[in-house]
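Chain A is the first sequence line, chain B the second, and so forth, proteins listed ahead of strands; every chain is numbered from 1.
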2 protein chains.
Amino acid sequence: MTRIKKVILSESEMPDKWYNIHADMPNKTLPPLHPGTKEPIGPADLAPLFPMAIIEQEVTRERFVEIPDEVMDIYKIWRPTPLVRAYNFEKILDAPVKVYYKNESISPAGSHKPNTAVPQAYYNYKEGVKRMTTETGAGQWGSALAFATKFFDIDLQVFMVNISFRQKPYRQFLMNTWGATVVPSPSKLTEAGKRILKENPDSPGSLGIAISEAIEMAVKDEGTKYSLGSVLNHVLMHQTIIGEETIKQFEKFDDYPDVVIGCFGGGSNFAGISFPFLRGNLKNNNKTRIVAVEPESCPKLTRGEFKYDFGDTAGMTPLLPMYTLGHGFIPPEIHAGGLRYHGAGPIISQLLKDDLIEATAVNQNECFEAGVAFARTEGTVPAPETTHAIAQVIREAKRAKAEGIEKTIVFNLSGHGLVDLASYDKYLRGELQDYAVSEEEINQHSSEGMKIPISA
Amino acid sequence: MTRIKKVILSESEMPDKWYNIHADMPNKTLPPLHPGTKEPIGPADLAPLFPMAIIEQEVTRERFVEIPDEVMDIYKIWRPTPLVRAYNFEKILDAPVKVYYKNESISPAGSHKPNTAVPQAYYNYKEGVKRMTTETGAGQWGSALAFATKFFDIDLQVFMVNISFRQKPYRQFLMNTWGATVVPSPSKLTEAGKRILKENPDSPGSLGIAISEAIEMAVKDEGTKYSLGSVLNHVLMHQTIIGEETIKQFEKFDDYPDVVIGCFGGGSNFAGISFPFLRGNLKNNNKTRIVAVEPESCPKLTRGEFKYDFGDTAGMTPLLPMYTLGHGFIPPEIHAGGLRYHGAGPIISQLLKDDLIEATAVNQNECFEAGVAFARTEGTVPAPETTHAIAQVIREAKRAKAEGIEKTIVFNLSGHGLVDLASYDKYLRGELQDYAVSEEEINQHSSEGMKIPISA
C-alpha cells in the first residue's frame with residue numbers, strides 16, 4: 001500500500017443540497033435596483049430573462065436548497081470530483097505546507113462551469129424554454145452551457161468575446177460539436193453590438209459587452225431566456241457543491257484547510273470552493289483564510305470601488321451593489337479571458353467589504369510560470385484562469401516558510417488548459433506581456449455607476 | 001437517491017498487478033527475429049533500445065506482474081478511472097442494449113497512454129537513463145510520455161508524424177508545456193528521415209517512419225533509450241490495469257459484458273480493456289466477444305497478412321510476427337492519427353489468428369457521426385481514434401435489435417478529443433473524406449516482410 005494521493009467520494013456520498021451563504025451572512029446584500037427608476041427590483045422585473053425557479057433561487061434565504069434528481073443524474077457523469085494532495089508540487093515549494101487541489105477540470109467541458117449550467121438548463125426546460133442566450137469570455141462558460149442545454153433539447157446562442165474567439169478557435173469548435181451557435185461579440189446581431197462596432201470595428205470585446213448582447217436578444221424574443229455563468233446569487237449557490245464535497249473529502253484526509261484559494265472573475269469558482277468553508281468560519285468560529293485571486297489587469301476587488309453599477313457595458317442589467325472598475329472598463333487582452341470582467345458578484349462584494357474574505361492580484365507571467373510548474377509536477381495543465389490560484393499558492397508557501405508556520409492550503413483547480421494551449425505556447429516563447437493598470441485608467445471610469453445610498 | 005451512473009473504485013481497491021496474457025494463450029507468439037540473421041533475438045539484442053526491466057517484461061510468462069509503488073503513486077493522480085453507464089447514449093440507440101464506457105480520458109494527458117508511459121519512464125529512470133526518444137501519431141503517446149518523463153527528470157525527444165504535427169498544433173504545445181522537444185517526422189535529425197525527405201519533401205509521414213527515426217537516434221547515442229507506446233508485449237501488459245479495474249467495477253454494477261470493444265492502432269488500448277475479459281473466456285469459459293475496430297483506411301487486421309514484418313518503415317526493428325499491410329504502407333491522412341500504423345502487435349495478431357478475438361473496420365465519417373452523437377448525449381467529446389469504438393457500439397446495437405437479443409456492451413473511451421477539435425470542425429462542415437483502400441494498394445506492399453516458416 002502506498003500513501004493516499006486523493007479522495008473520491010462515491011455517488012451515494014455526494015452532497016444533495018447546494019449551500020446558500022445568504023442565510024449566514026452577518027450583513028445581507030443590498031437589493032438590486034431597477035436601471036430606470038433606481039428602486040429595488042422585484043421578481044417580475046427579472047421574468048423576461050430567467051425562469052421563475054431561478055429567480056426564486058436568486059432571492060431565497062433558505063440555507064440549503066435541494067438538488068433535483070434530474071440534475072444529479074447529469075452531475076454524476078463526472079461528479080463527485082477528486083480532492084488531490086499535490087505531493088509532487090509541494091516538493092518544489094520547499095515550504096512547511098500541505099497543498100490540496102479540488103479537480104474540477106475532469107468535467108466533459110473541462111471546468112467547474114457545468115455545475116451551474118446543468119441546473120440552469122434544467123429549470124429553463126421545466127418552464128418550457130426552447131432557446132437560450134449567453135455570453136462567454138474564454139469559452140469555458142459557453143461550452144458548459146452548450147454541453148448542458150443539449151440534455152434538455154434547448155437551442156443555444158453564444159456571444160463569445162471577440163479576443164477569445166480569435167485566440168481560442170477550439171472553444172468554438174467545442175461549442176459547435178455540442179450543437180450551439182457561436183458568434184464573436186460585439187456582433188451585428190444586436191443594437192448594442194452594432195453601436196460598439198461603429199465606434200471601434202476592431203473592438204476586442206469584453207464580458208460586459210457580450211452580456212449586453214445576450215440580454216438584448218433574450219428580451220426581444222419572448223420565448224428566449226438568458227443565462228449568466230457567474231456573479232449572480234443562484235450561480236454561486238450552484239457552485240457550492242464543490243466546497244461541500246471538499247469538506248467531506250478533508251474529513252477522510254483527516255485534515256482541514258488554513259487557506260482556501262480560488263481565482264476570481266465574477267466569483268463562481270471562488271464561491272464554489274470557499275463558501276462552505278466560510279460557513280465554518282461564521283458558524284463554528286473556524287479561522288480559515290479565504291483568498292480571491294484576480295488579474296492585475298482587471299483589479300476590481302483590490303482597486304475597484306464598492307457601489308451600484310451595471311453588470312453589462314450597455315447598462316441593460318439591474319444596478320448591482322458591487323466592487324467595480326466601472327461598466328465601461330475594458331480590460332487588456334490577457335489570456336485568462338474568464339477573468340476579464342469589470343465587477344464582482346454582490347455576495348462576494350459584501351463579504352469583502354465586511355472583511356470576511358481577502359483579495360489579491362497577480363500578473364499573467366507569474367501565473368503562467370506557476371501553471372507550468374504545476375503541470376510539470378502534478379500533470380494537469382491548468383486553465384490560464386486557474387493559474388492565478390496556483391500563483392497565490394506559491395506566494396502563500398513563501399509566506400509560510402518566512403513565518404515558519406505549517407499550513408494546509410487548498411485551491412480550486414477550476415479548469416484545465418487543453419483548449420488554451422496557444423497561451424502556453426506564447427508564454428514558453430516569452431511573448432506574454434504583463435499589464436499594470438494605471439491610476440488614470442482606473443479613474444477614467446470612476447464616475448460610472450452610483451454611490452451606495454447612506455441609508456443602506 | 002437517483003440511479004447509479006458510474007462506479008469509481010477507491011485507491012485501496014485499485015489493482016496492484018498487471019495481467020500478462022501470454023501466460024494463458026493457447027498458442028504463444030512466435031519469437032521476434034533479428035533483422036539481419038533472421039534468427040530469434042535474445043534480450044541482449046534489445047539492450048541498446050530498452051532498459052533491462054522492460055526487456056524482462058517483454059518476454060516474461062508470469063501471469064501477473066506487480067506494479068511498483070512509485071508507479072502506483074503517479075497512477076493515483078487520475079486512477080482508478082470511472083466505469084460509466086451511458087444511459088443517455090442508450091436512449092438514441094433504441095435497442096435492447098446496456099452500454100458502459102471506461103473513461104480513460106480523464107488522465108492529465110487525456111488518454112490511456114500514461115498507463116504505460118509512467119512505468120516505462122520509471123524503469124528507465126531506475127537504470128540511470130537521462131534521455132529518451134519516441135514517435136507519436138496523433139500526439140497522444142508523445143504527450144503521455146512527456147507527462148511521464150517529467151516525473152523522473154528524463155529529457156524527451158519526440159518525432160511527431162508530420163501530418164499530425166500540422167493538423168494538431170495544440171499537441172505540440174502540450175508536449176512543450178511538459179518540457180519535451182518535438183520535431184515533425186520525417187526530420188533532418190536522422191538518416192532515415194533525410195532519405196524519405198529526399199524522395200518526398202512533403203511526406204505526410206507515418207508512425208513507421210517516426211519509429212525508424214526515434215530508434216536510430218537511440219541506437220546512435222549510448223545514454224539514450226527508446227520507448228514505444230503500443231504493439232509490444234510490455235506495453236499491452238501495462239494497459240491491462242484498465243480491464244482489471246473494469247472487472248471489479250462490473251461486479252459492483254452486478255453486470256458482465258457480452259461484448260468488449262476497443263479501437264485499434266497497434267493494440268494498446270484494445271488490449272488494456274479486453275485482455276482481462278479474454279482471461280475470463282480462456283479460463284472460465286465465458287463467452288464475451290472481443291472486438292477490435294480499425295479504420296478502413298488502414299485495415300491490417302481485416303485485410304492484412306499474418307507474417308513476419310518490420311515494426312518500422314526503414315527496417316531497423318526486429319521482424320515481428322503480425323498482421324501487416326507491409327512496412328512500406330503509408331495510410332491516407334485520416335484524423336485518427338493514432339490508428340495510422342501498418343501492423344498489429346504480435347500478441348493481438350496471434351489471438352486474431354486463433355479466432356479468440358474479432359476485428360472490423362469503419363470509415364471516418366461514420367466514426368465522427370458516432371462521436372458527435374456520443375458527445376451530445378454523454379458529454380465527453382471522444383478522440384477521433386475512440387470514435388471507432390463508438391461506431392462499432394452503434395453497429396452492435398443495431399445487430400442486437402435485429403436479433404432481438406439483450407446485450408451488455410462496454411467500450412474503452414480511450415481518450416477525449418479536446419486537442420483534436422479541428423477534426424470535429426471539419427466533420428461538421430462536411431469536409432471529411434472517407435478512404436477505401438483498393439486491392440491494388442494492399443497488394444503493392446504484399447511482398448514486404450517474410451512468410452511465417454512452416455516449422456513455426
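Contact of A:T377 with chain B is made through the backbone alone, with heavy-atom distances under 4.5 Å. Heavy atoms of A:N88 lying under 4.5 Å from chain B belong exclusively to its side chain. Residue contact with chain B, scored on non-hydrogen atoms closer than 4.5 Å, involves the side chain of A:F147 exclusively. A:I8 touches chain B through its side chain: at least one heavy atom from C-beta onward sits under 4.5 Å away, while N, CA, C and O do not. Both the backbone and the side chain of A:T177 have a heavy atom closer than 4.5 Å to some heavy atom of chain B. Contact annotation for A:P80: both backbone and side-chain heavy atoms come within less than 4.5 Å of a heavy atom of chain B. Both the backbone and the side chain of B:T380 come within contact range of chain A, judged by heavy atoms closer than 4.5 Å. Contacts between B:L428 and chain A at a heavy-atom distance below 4.5 Å involve the side chain alone, from C-beta outward.
No side-chain heavy atom of B:I4 sits under 4.5 Å from any side-chain heavy atom of B:R85. For the pair B:K130 and B:D155, the minimum side-chain heavy-atom distance is 4.5 Å or more. Between B:M14 and B:I241 the shortest side-chain heavy-atom distance falls below 4.5 Å. Counting heavy atoms from C-beta outward, B:F411 and B:V99 have side chains that approach closer than 4.5 Å.
Between A:Y101 and A:F89, the distance from one ring center to the other does not fall under 6.0 angstrom.
Shown are B:E11, B:E13, B:E104, B:E244; of these, the salt bridge (charged side-chain N to carboxylate O under 4.0 Å, His left out) with B:R79 is made only by B:E104.
Of the listed residues (A:M72, A:E378, A:H416), the greatest number of heavy-atom pairs within a distance under 4.5 Å of chain B belongs to A:E378. The choice from A:V381, A:V372, A:D420, A:V84 that makes the most heavy-atom pairs within less than 4.5 Å of chain B is A:V381. The residue among A:I106, A:D16, A:N103, A:L174 with the most heavy atom pairs within less than 4.5 Å of chain B is A:L174.
Side chain to side chain, B:S414 and B:T386 meet the donor-acceptor criterion of an N or O pair below 3.5 Å. Side-chain contact annotation: B:H238 with B:T116, donor-acceptor N/O pair under 3.5 Å present.
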